[in-house]
Amino acid sequence: MTDAQTHAENLARSEITRVGKSLFDRGLTFGSTGNISLRLEDGGWLMTPTNVSMGELDPAQLSRFDAAGRHIDGDAPTKEAMLHMAMYGQRADARAVVHLHSTHSVAVSLIDGVDPLDVLPPLTAYYIMRVGRLPLVPYLPPGDSELAKAVGRLAGEHHAVLLANHGPVVAGTSLANAQFATEELEETARLFLLLRGLPIRPLTPQQVAELRQRFDLK
């Protein structure tokens with residue numbers, strides 16, 4: 001590994017640790033739930049380990065994978081590593097993935113009758129810009145290879161999915177973008193729950209189409 005690659009990896013380790021602590025400190029993840037991954041310049045990945053609080057991550061102990069997806073260094077990886085790899089496998093532009101068990105997003109995933117093709121209505125412009133359409137992945141146990149396959153089937157067209165009774169998985173072109181999209185999803189889920197039973201005025205299909213065209217959103 002060159003000095004430049006070592007420096008870039010150290011920065012990536014610090015970024016994962018900082019983002020994990022920020023998410024934990026603000027109550028977006030809790031206990032040892034949630035995980036983060038980041039693609040490295042050599043084609044490998046860093047990922048948060050299993051059974052570790054995101055508020056107490058050690059940069060030196062992050063799980064490291066090579067470009068073939070083999071765990072080669074660091075602590076044992078999260079059992080949900082397959083979810084991350086499913087996203088990366090379908091999205092060449094993905095540089096990072098964030099998966100949380102954030103309360104409001106999970107709550108929405110439990111509601112009977114939501115549209116499985118697009119769980120949340122277009123309440124705000126920033127939800128459309130950061131998340132877009134949000135499909136619901138049917139429930140499968142955590143760590144199940146079939147769950148990863150279900151995510152992979154959707155990942156080519158969606159950089160964010162919601163796992164039923166579980167939580168969101170969000171890919172981004174940077175860790176910051178994945179983080180911000182995950183937070184926007186959680187806040188939109190919170191708005192959705194606050195407005196339950198009230199007449200609402202979501203963005204119209206024309207307004208959504210204009211946003212997609214203006215910001216070149218897929």
Side-chain angles (χ1 to χ4, degrees), residues 28-29 33-35 37 78-94 96-172 177-213 215 217-218:
L28 290 166
T29 188
T33 66
N35 27 82
S37 65
T78 170
K79 64 179 173 294
E80 297 182 316
M82 290 183 291
L83 300 179
H84 295 249
M85 296 307 183
M87 274 288 185
Y88 290 118
Q90 297 298 319
R91 303 195 65 85
D93 63 340
V97 173
V98 174
H99 167 51
L100 299 180
H101 301 176
S102 41
T103 301
H104 299 93
S105 298
V106 175
V108 168
S109 82
L110 298 170
I111 296 174
D112 188 30
V114 295
D115 182 354
L117 300 180
D118 196 5
V119 178
L120 290 168
L123 296 179
T124 69
Y126 284 93
Y127 175 75
I128 297 301
M129 292 159 60
R130 291 205 179 274
V131 179
R133 300 181 183 91
L134 181 69
L136 183 69
V137 179
Y139 174 77
L140 286 161
D144 192 310
S145 61
E146 291 301 316
L147 180 58
K149 291 177 184 177
V151 170
R153 286 192 288 270
L154 293 168
E157 295 185 9
H158 303 274
H159 72 281
V161 300
L162 184 60
L163 311 182
N165 307 70
H166 191 156
V169 181
V170 182
N177 284 343
Q179 174 193 354
F180 297 157
T182 306
E183 293 176 356
E184 193 69 41
L185 194 165
E186 174 67 4
E187 284 303 298
T188 304
R190 187 166 74 93
L191 279 174
F192 177 74
L193 294 170
L194 284 171
L195 294 167
R196 293 272 291 174
L198 296 173
I200 64 170
R201 190 181 63 255
L203 300 181
T204 66
Q206 180 181 353
Q207 290 168 329
V208 171
E210 288 172 353
L211 281 170
R212 293 189 185 283
Q213 182 177 19
F215 295 99
L217 304 172
K218 295 181 180 179

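In what follows, residues are counted from 1 in the order of the sequence shown.
Panel note: side chain Arg130, backbone Phe180; no donor-acceptor pair is recorded below 3.5 Å. Remark: the backbone N or O of Arg153 is not paired with any side-chain donor or acceptor of Gln90 at under 3.5 angstrom.
Within the 4.5 Å cutoff, the side chain of Asn35 has no heavy atoms near those of the Leu83 side chain. The closest side-chain heavy-atom distance from Leu134 to Thr188 is not below 4.5 Å. Under the 4.5 Å side-chain criterion, counting only non-hydrogen atoms from C-beta, Leu162 is in contact with Ser105. No side-chain heavy atom of Leu100 sits less than 4.5 Å from a side-chain heavy atom of Glu186. Counting heavy atoms from C-beta outward, Glu184 and Thr124 have side chains that approach closer than 4.5 Å.
Other residues, nucleotides and ligands contribute more than 12 heavy atoms inside 6.0 Å of the CD atom of Gln207. Atom CZ of Arg133 is surrounded by 12 or fewer heavy atoms from other residues, nucleotides or ligands within 6.0 Å.
Across Arg91 and Gly156, no two heavy atoms sit closer than the pair NH1-O, 3.6 Å. Heavy-atom minimum distance, Leu123 versus Pro202: CD2-CB, 4.4 Å. Listed here is the closest heavy atom pair of Ile200 and Pro121: CD1-CG, 4.5 Å. Of all the heavy atoms in Pro142 and Leu147, the pair that sits closest is CA-CD2, 4.4 Å. Val98 and Gln179 make their closest contact through CG2-N, 4.1 Å (heavy atoms, listed as atom of the first residue, atom of the second, distance). The shortest non-hydrogen separation linking Ala189 to Val108 is CB-CG2, 3.8 Å.
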Open item on the list: Before you tell me yes or no, could you show the steps for Asp93 and His159 under side chain to side chain contact (heavy atoms under 4.5 Å, CB included), namely the whole-Å CA-CA distance, both residues' side-chain angles and the distance that decides it to 0.1 Å?
Closed with: CA-CA 10 Å; Asp93 63 340; His159 72 281; over 6 Å; no

Open item on the list: The test is side chain to side chain contact (heavy atoms under 4.5 Å, CB included); show your working for His99 and Leu163 and say whether it passes.
Closed with: CA-CA 10 Å; His99 167 51; Leu163 311 182; 4.0 Å; yes

Task: Residues Leu120, Val131; criterion side chain to side chain contact (heavy atoms under 4.5 Å, CB included); working and verdict - done: CA-CA 10 Å; Leu120 290 168; Val131 179; over 6 Å; no

Open item on the list: Between Ser109 and His166, does the side chain to side chain contact (heavy atoms under 4.5 Å, CB included) criterion hold? Intermediate values first, please.
Closed with: CA-CA 7 Å; Ser109 82; His166 191 156; 6.0 Å; no

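Here CD1 of Ile128 is found 6.0 Å from CG of Leu203. Values are rounded to the nearest 0.5 Å. Atom CG of residue Leu136 and atom CD1 of residue Ile111 lie 10.5 Å apart, to the nearest 0.5 angstrom. Rounding to the nearest 0.5 Å gives a distance of 5.0 Å between CG of Leu110 and CG of Asn165.
Across Leu154, Val170, Val97, a single residue satisfies side chain to side chain contact (heavy atoms under 4.5 Å, CB included) together with Met87, and that is Val97.
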Distance-only check: which donor-acceptor pairs under 3.5 Å involve side-chain atoms of residues 190-198, not counting sequence neighbours?
{"from": "Arg190", "atom 1": "NE", "to": "Glu187", "atom 2": "OE1", "distance (Å)": "3.2"}
{"from": "Arg190", "atom 1": "NH2", "to": "Glu187", "atom 2": "OE1", "distance (Å)": "3.0"}

